[in-house]
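Have a look at the structure below, then the notes.
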Amino acid sequence: MIKKYNAVKNFDSDVSKSFVKGAAILTISMVIVKVFGLLNKVVLAAILSSYDVPGMTSFGTGLYANAYEIFVVIFTVATGGLPIAVSRLVSENMTKKRYKDVRQIQKLSVPFFTVLGLICTVIIGGACIPYSLAVIHQPYAIVPTLFLAPTVFFGCLASAYRGYYEGQRNMMPTAVSEIIEAVVKLVIGSALAYLILWAGMESNKASHSFLWMHFSNQEEALKTIFSLAVTGAIMGISLSSMASWLYYFTKFKVQGDGIPRQYYENSIDARQKRETFNMMIRTALPIAGGALVMSLASLIDSAIIQNVLLDLSHRHGHELMDQYGKFYPENAFHGKHVTIHTNLWGCYATALTLMQLVTAVTQAFGSSAMPNVTSAWTKGDKREFKQSMNTVLKMTMMFTLPMSLGLVVLAHPIMGFIYGSSPEIVEIGGNVLTVMGITTIFTAIITPICSMINGIGKVKVPMILYIICLFVKIGTSWIFVSIPEINIQGATVGSMVAYALICVIGMFLLVKYSGIVPDFFNTTIKPLAGAVYSSAAAYFTYKLAVPYLPSRVALIAAVLVAVIIYMAVLLIIRTFSAEEIKFLPKGEKIAKTLEKLHLIG
């Protein structure tokens, strides 16, 4: 007999334990997902570089990134912003024990998200041609972008269930669905990319054609075949999104909505459906608007950067060629079909993937914090609210700071470890990643800050913050990318300035509206001290080891030393409390040992 899921028992458990458990589940799943996502791009880069065609690896990764940019605008709103609204409403009604309203929210969200998914899929399908031809000036991006469209539909269907479970403080379904998605994407996407590239290159070699297409020259053949290989990888994404929805759908059908019959029967009557739907829309629109602004910022940033790079190739082509000529043929910088803007964007995207490994963890903290913060605020419990705020900020800083500074000091070795078969990605992407490491700190912190602001009911504030970020980011990126000597690295500088600004403003507003000042010394200063020592240890360990060891072995040694130094510093300066340690497996015993050594506060 299949055990029924009890959402009420899960929701009413200890808040701190609930947050730590939820954050741990999402963090582990996010790390697994992001590692698989990184592997997906690494495998794709390896597949594209297998025929050793100059410039085609970064060209392919650039097409992959370009397809993602227009897709993520719609997908982020549908699957990032709106589930948060459902989560907040479910959490609020669970706190008030309005279980009939909780069930009604779930029933209304499914058809709403289904219609939304269909609309968004059509929008992406219709926008891919004008976006590719008129915005980024890359016709080979049309087909990859088109094949991403179905992902939005299945993502929307899954999001209705995701928001429901997260609002009940149950993060396990999110974790399982994301792992399923990551595995399917890697296995099927990589297989399709390899098969299409192999079949295309063999067919072109034999008859200068592939499928129904006949090629007039080798340049056209290579760009077409490589773009279709990228499309194969993207087909894996659409299929993985469908697999994720099937998991949610099956789980809900088998285990039910999690509200035992006695709680449902004793609950007060639900609001009218129209009232519940209006509440959902009023909550969702500002949150979705904030997500839309951020994803639009990324899309506009991508378009502007690539257009500025394209303009640089016309006005300063020789200067760009002096910098990157050893990686790309002359026709990438001059002629009718210039590709340097796509190549450089592809290198930038590979560095961005590593940054997103860090920000994924803090997104997990934001998702886990939302129901706890909302519950504490709804009850008017300031002590519980401050505890939740300090916990999420401390965990965010503890993960973000050492990883971000690690990216700064080990940028090129890390890129070499992952993309060793693509020298242009290692060098250009490494330069980008050095600056991006600092940017990572601010992009990671802003997510939980905005989640907490949403949790106290100020759902319009994050959207305003993101609008400010959008304009600052566009302006600063334009200025710096326009400088020939800086070019693609200027995009990271723009992001750093914009996110740093809204982090400061966001924290100020969170304190202002909540009336609660977090413990900055324990949540930020102590993790920062540990991160500085650990990153210095990593840098010097690598420099001392690399003359005697292979680069990859030296990098692993540097990371291990950094982890040991980081944990040692955190313990020495007594960063952890006994209560926090007790949440860990065998926590009671560990806490007693550390208390005897005077290593916990």
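Residue numbers start at 1 and run along the sequence shown.
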Could you tell me whether the side chain of [Y] reaches within less than 4.5 Å of the side chain of [X], counting heavy atoms only?
X	Y	answer
S109	Y164	no
R162	S177	no
Y499	C469	yes
I425	M415	yes
I446	P462	no
L393	M507	yes
M496	T443	no
V511	I516	no

Measure the [atom1]-[atom2] distance between [X] and [Y] for me, rounded to the nearest 0.5 Å.
X	Y	atom1	atom2	value
Y533	I565	OH	CD1	10.5 Å
L501	L465	CG	CG	9.0 Å
L510	I456	CG	CD1	5.5 Å
T440	L433	OG1	CG	7.0 Å
S534	L570	OG	CG	8.5 Å
L354	I418	CG	CD1	4.5 Å

Any side-chain donor near an acceptor of the partner, K394 and N390, under 3.5 Å: no

Flag for N40-Y64: side-chain donor and acceptor within less than 3.5 Å: yes

Short side-chain to backbone donor-acceptor contact, [X] and [Y], under 3.5 Å:
X	Y	result
T434	G430	yes
S535	V532	yes
K526	F521	no
S244	S240	no
Y566	M398	yes
R98	N93	no
T541	A538	no

Indicate the atoms forming the closest heavy-atom contact of [X] with [Y], along with that distance.
X	Y	value
A243	V184	CB-CG2, 4.1 Å
S551	Y542	OG-OH, 2.9 Å
I414	G406	CD1-O, 4.2 Å
G163	V86	C-CG1, 3.8 Å
C503	F442	SG-O, 3.1 Å
C156	F113	O-CD2, 3.2 Å

Ring geometry between Y248 and Y161 (parallel below 30°, tilted from 30 to 60°, perpendicular above 60°): parallel

Test: K185 and E181 ion pair at under 4.0 Å: no

Test log, rule side chain to side chain contact (heavy atoms under 4.5 Å, CB included), inputs V493 and Q489: CA-CA 7 Å; V493 177; Q489 294 175 68; 5.9 Å; no

Exceeds 12 heavy-atom contacts within 6.0 angstrom, atom OH of Y539: no

Residue pair F249, L157: steps toward the side chain to side chain contact (heavy atoms under 4.5 Å, CB included) verdict: CA-CA 9 Å; F249 180 78; L157 294 179; over 6 Å; no

Criterion side chain to side chain contact (heavy atoms under 4.5 Å, CB included) on S514 and M389, from CA distance to verdict: CA-CA 10 Å; S514 67; M389 181 191 289; 3.8 Å; yes

Verdict with reasoning, T350 to Y419, per side chain to side chain contact (heavy atoms under 4.5 Å, CB included): CA-CA 9 Å; T350 56; Y419 295 102; 3.9 Å; yes

